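Structure first, commentary second.
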Amino acid sequence: ELLFRRLLSDLLVEEKVAKEVVGCETGPALLTECVRRFQAERPISLVILDILMAPMDGAVAALALRALEKGLDRPGLVPILFVSGMQADDSLRRIIEHCGPALYLNKGKDASPPRLARRLKELIPHLLTVRSG
């Protein structure tokens, strides 16, 4: 998990999908980092969440992020990319819709970091377009 996250982070920077990647191991760590960045007025371009995380899964973390943004009266919403190996069911689709701007990427059978980074490179511009559109 940690190795995968590091490889993916490195590839996202190398492929110029991101200038900086801040890895968070858990949903609570993500929310703490978001609060720090919001308070320091440092932008967050994108949040990538795995649906299956512990102790707080990606859906709960996303809903908490939206509540945090609302509570802090943030002017825009950070785009969220949900990533998982599981198929998107109706429940997940509703969460994605509720947490918009958000998209879902199924890791697929071959979730190697290089393959996933290429798929992210193709998908992220669409998510950023949704954000501004």
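Worth saying up front: this structure is predicted, and the values here are computed from it rather than measured.
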Query raised in the report: Is a salt bridge present between E97 and R94, judged by a nitrogen-to-oxygen distance below 4.0 Å?
Result: no

Query raised in the report: Going by heavy atoms in the side chains, are I80 and R66 under 4.5 Å from each other?
Result: yes

Report task. For T26 and A54, work out which heavy atoms get closest and say how close. Result -> CG2-O, 3.6 Å

Query raised in the report: Any side-chain heavy-atom pair from L30 and M53 closer than 4.5 angstrom?
Result: no

Report summary line: Tightest non-hydrogen contact, residues M56 and P28, listed as CB-CD, 3.8 Å

Report summary line: On a heavy-atom basis, the closest approach of R37 and V22 is NH1-CG2, 3.7 Å

Query raised in the report: Cluster question for you: counting only ILVMFWY and a side-chain heavy-atom cut-off of under 4.5 Å, with indirect links fine, are V47 and Y104 together?
Result: yes

Report task. Please check if L49 and L92 belong to a single hydrophobic cluster, counting links between Ile, Leu, Val, Met, Phe, Trp and Tyr side chain heavy atoms closer than 4.5 Å. Result -> yes

Query raised in the report: What is the minimum heavy-atom distance between F82 and G58, and which atoms define it?
Result: CE2-O, 3.7 Å

Query raised in the report: Can you tell which of L105, N106, I51 makes a side chain to side chain contact (heavy atoms under 4.5 Å, CB included) with S84?
Result: I51

**Report entry** Common cluster, L31/I44, ILVMFWY with side-chain heavy-atom separation under 4.5 Å
**Finding:** yes

Query raised in the report: Which distance, rounded to the nearest 0.5 Å, do you find between the SG of C34 and the CG of L65?
Result: 5.0 Å

Report summary line: Closest non-hydrogen atoms of I48 and L46, given as atom of the first, atom of the second and distance, are CG1-CD2, 4.0 Å

**Report entry** Value rounded to 0.5 Å, distance of CD1 in I96 from CG in L81
**Finding:** 9.0 Å

**Report entry** Nearest-0.5 Å distance that lies between atom CG in L63 and atom CG in L68
**Finding:** 12.5 Å

Query raised in the report: Do you know the tightest heavy-atom contact between C24 and A29?
Result: SG-O, 3.9 Å

Query raised in the report: Side chains of T32 and V35: does their closest heavy-atom pair fall under 4.5 Å?
Result: no

Query raised in the report: Are side-chain heavy atoms of V78 and F38 found at a separation under 4.5 Å?
Result: yes

